[in-house]
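This report refers to the structure that appears directly beneath it.
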Amino acid sequence: MPLFSNAFEDHIASLIQKCPGMKTLRQIHGRLLRNHILSSSPFTFTLSKIISFCALSPNGDIHYAQRVFDDILQPNVFSWNSMIRGFSQVQNQSSEPIALYRKMLSSGFANPNSFTLAFVLKACSNISALSEGRQVHSHAYKYGLDSSPFVQTGLLNFYAKCEELASARFVFCDISDKNLIAWSAMISGYARIGMVNEALGLFREMQEAGLSPDEVTMVSVISACAKAGALDLGRWVHSFVDRKGIRADLVLSTALIDMYAKCGLIEKAKKVFDDMVERDTMAWSTMIVGFATHGLVDDALKLFSRMLDSKVEPNHVTFLGVLSACAHSGIVRDGRRFWSAMHDSGVQPLMEHYGCMVDLLCRAGLFEEAYSFVRRMPFPPNAVIWRTLLAGCKKNEFQDKEAIIAEHLLRLEPLNAENYVLLSNIYALRSHWDKVSKMRKKMKDNGVRVIPGCSSIEIDGFVHKFIVSDDSHPEMKQIREALKGISRRVRLSGHLPWTSSVLHDVDEEEKENALCEHSERLAVAFGLIKTRTPTVIRVVKNLRFCADCHEVIKIISKEYGREIIVRDRVRFHRFVSGTCSCNDFW
Ligand code: ZN
Ligand code: ZN
C-alpha cells in the first residue's frame with residue numbers, strides 16, 4: 001500500500017522541475033531521504049525525476065545523478081535514458097553512454113525504448129563508433145523499434161557521420177514518412193565526404209516528393225556544389241532560393257559567395273557580396289579569400305581596407321586571405337606588412353599563416369629568409385611547410401639545406417607519395433639518378449601508394465570524374481581520339497612536352513603518353529567534345545596543376561578559341577587566348 005497519494009508525488013515532481021539549481025535540488029532530496037519517503041517503492045518516479053534534473057538540466061550535476069542512480073536497485077527505462085543522454089551531453093567525446101547502455105541490457109530489468117536507441121546512436125555518432133552503432137541498429141529490429149522516426153533519424157545521422165553511405169541509404173529507403181530532417185541529414189552526409197552527385201540527386205528527389213527545403217539544407221547543397229565546382233547546379237540552386245523566397249541570411253549568402261568563388265565565377269560572388277544588407281567577418285573574409293584564390297590581388301587588398309574602414313574585426317581567415325593574395329602575386333613588402341598587422345590586431349598566427357609566409361618568401365626567391373623564418377617558428381612546422389621549402393630549394397639550388405628538409409618531411413609524412421615524387425623530381429632535375437632510384441626503393445619498402453590525380457568537370461548537371469590512366473569512363477574511346485588530335489595541334493604550335501615531370505625510367509615516347517593522360521587533360525578533352533563556344537570549360541583538380549598540362553592548356557585555349565578555367569588544389573587558372581591569369585606564377 002502506498003503511504004502517499006499520487007497527488008503528493010506529482011507535487012514533488014513539479015518542485016524538482018522548477019529547481020533553480022543543485023542547491024535547492026539537494027535540499028529537496030535531503031528532506032525526502034530524512035523522512036524515508038524515497039524508500040517506499042512507488043517513488044522510483046520521483047527518483048527518476050531527480051536523476052533527469054541532475055543529468056540533463058544545464059544547472060545539473062551528472063556526478064550527483066550518477067550517485068542517485070547507483071543507489072537504485074532497478075532503475076526504470078526513463079532513468080537509464082536520462083543517464084545515457086546526460087553523459088553524451090557533458091562528455092561529448094566519451095564512450096560512457098555506450099557502456100551504460102550495455103549495462104542496461106545486461107541488467108535485464110529494463111528494455112530500451114526508441115529514445116534509448118536514439119540517445120545511444122547519438123553517442124555512437126559523437127565518437128564514430130561504427131560497430132557499436134551497427135549493434136544498436138540490430139537491436140532496433142530485435143525490440144521492434146525500427147520504424148520509430150527517432151530511431152531512423154538517429155541511424156541516418158549515425159551512418160552519415162561514419163561515412164557509411166550505403167547503410168544510410170538502406171535506412172533511408174525504409175523510411176515511410178520521409179520528413180525533412182532525414183533528408184537534410186543525408187544531403188549533409190554526402191556533401192561532407194564529397195559525394196556530390198548523390199547529394200544533389202537526393203536534393204532533386206526531395207523536390208519531386210514536394211518537400212520544401214529550408215536554409216540549412218540549401219547551405220549543404222550549395223557547399224556540395226562548391227566542393228565539386230558544380231557551377232550550373234550551384235547557379236540553379238541559387239535561382240531556386242530566389243524563386244522560393246528562402247531567406248538568404250548571412251550564412252546562406254556567405255555559402256553562395258564561397259560557391260561562386262570556388263566555381264570560378266568571381267564576378268557573381270562579388271554580386272552576392274555587394275547585395276548583402278549586413279556583412280559579418282566571415283562574409284568579408286570569404287570574399288577576400290575568393291579574390292585571393294583568383295589571383296585578384298588588388299581586389300583582395302582593397303576589400304580588406306574597406307573591411308577595416310567598416311569597423312569589422314578581421315580574424316584568422318581574413319589574414320589567410322590577404323597573406324595568400326600576397327603569396328600568389330609575390331608582393332613580399334605587403335606580405336610583411338600584413339604579417340605584423342595580424343600581430344597588432346591580436347590574431348595569433350596559425351600553421352596556415354606561417355605556410356603562406358614561407359610560400360611567399362620562397363616564390364620571391366628568398367629561400368634563406370624562408371628557411372630561417374621556419375627555424376624561428378614557435379611550434380614545430382608541419383609537412384606542408386617543409387614541402388613548400390623543399391620546392392623553394394629546387395628553384396634556388398640550396399643543396400645543403402635540402403637534405404635536412406627532406407629528412408623532416410619524410411619523418412612527418414613517410415606515407416605521402418607526393419613527398420617522394422617531389423624529391424625524385426628534384427634529384428632527376430639534377431641528374432642524380434642514384435638518389436632517384438633510392439627514393440623509389442624507399443617508397444616501395446614503406447608501401448607508399450601514389451594518390452592519383454583526379455579532375456572533374458560538370459556536363460549537363462552531372463559531375464564526371466577522371467583519374468589518371470583510368471579507363472572506366474564510358475566515353476573513353478572518344479576522349480582518347482580527341483586527345484590525339486589535341487596532341488597533334490599542340491605539337492604543331494611548337495610545344496615540346498616537359499617530360500622531366502614524369503619519372504625517368506620510361507622512354508621518351510611513353511613519357512609523352514603518360515603526360516597526355518593526366519586527369520586535367522582528360523577532363524579538358526571531354527569538355528571540348530561535349531560543349532561548344534562560348535561555353536567556358538571548368539575543371540577542378542585534386543592536386544597541384546602539372547607544369548606540362550599548364551602549358552598545353554594555354555595552347556588549347558588559343559588553338560581552339562576556348563576559355564578554360566582550372567581550379568587546382570591551390571588556386572584558379574583562367575586560360576584565355578594562350579595566356580593564364582596566374583601569369584605562370586604558381
Ligand atoms: Zn600534366
Ligand atoms: Zn595558370
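Both ligands and their constituent atoms are indexed starting at 1 by order of listing.
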What N, O or S atom of H518 is found closest to the Zn ion (ligand 1)?
ND1
So that I can tick it off, tell me whether R480 and D471 are bridged by a salt bridge, with the cut-off set at under 4.0 angstrom between side-chain N and carboxylate O.
yes
Starting from the Zn ion (ligand 2), look over the N/O/S atoms of H573 and name the nearest one.
ND1
At the Zn ion (ligand 1): angle between C549 atom SG and C546 atom SG, to 10 degrees
120°
Please determine whether a side-chain nitrogen of the Lys or Arg among R544 and E520 lies less than 4.0 Å from a carboxylate oxygen of the Asp or Glu.
no
Test item: side-chain donor near acceptor, T531 and R562, under 3.5 Å
yes
Under the criterion ring-ring contact (aromatic ring centres under 6.0 Å, His included), I'd like the reasoning laid out for W284 against F304: C-alpha separation, chi angles, the key distance, then a yes or no.
CA-CA 8 Å; W284 285 96; F304 180 61; 9.8 Å; no
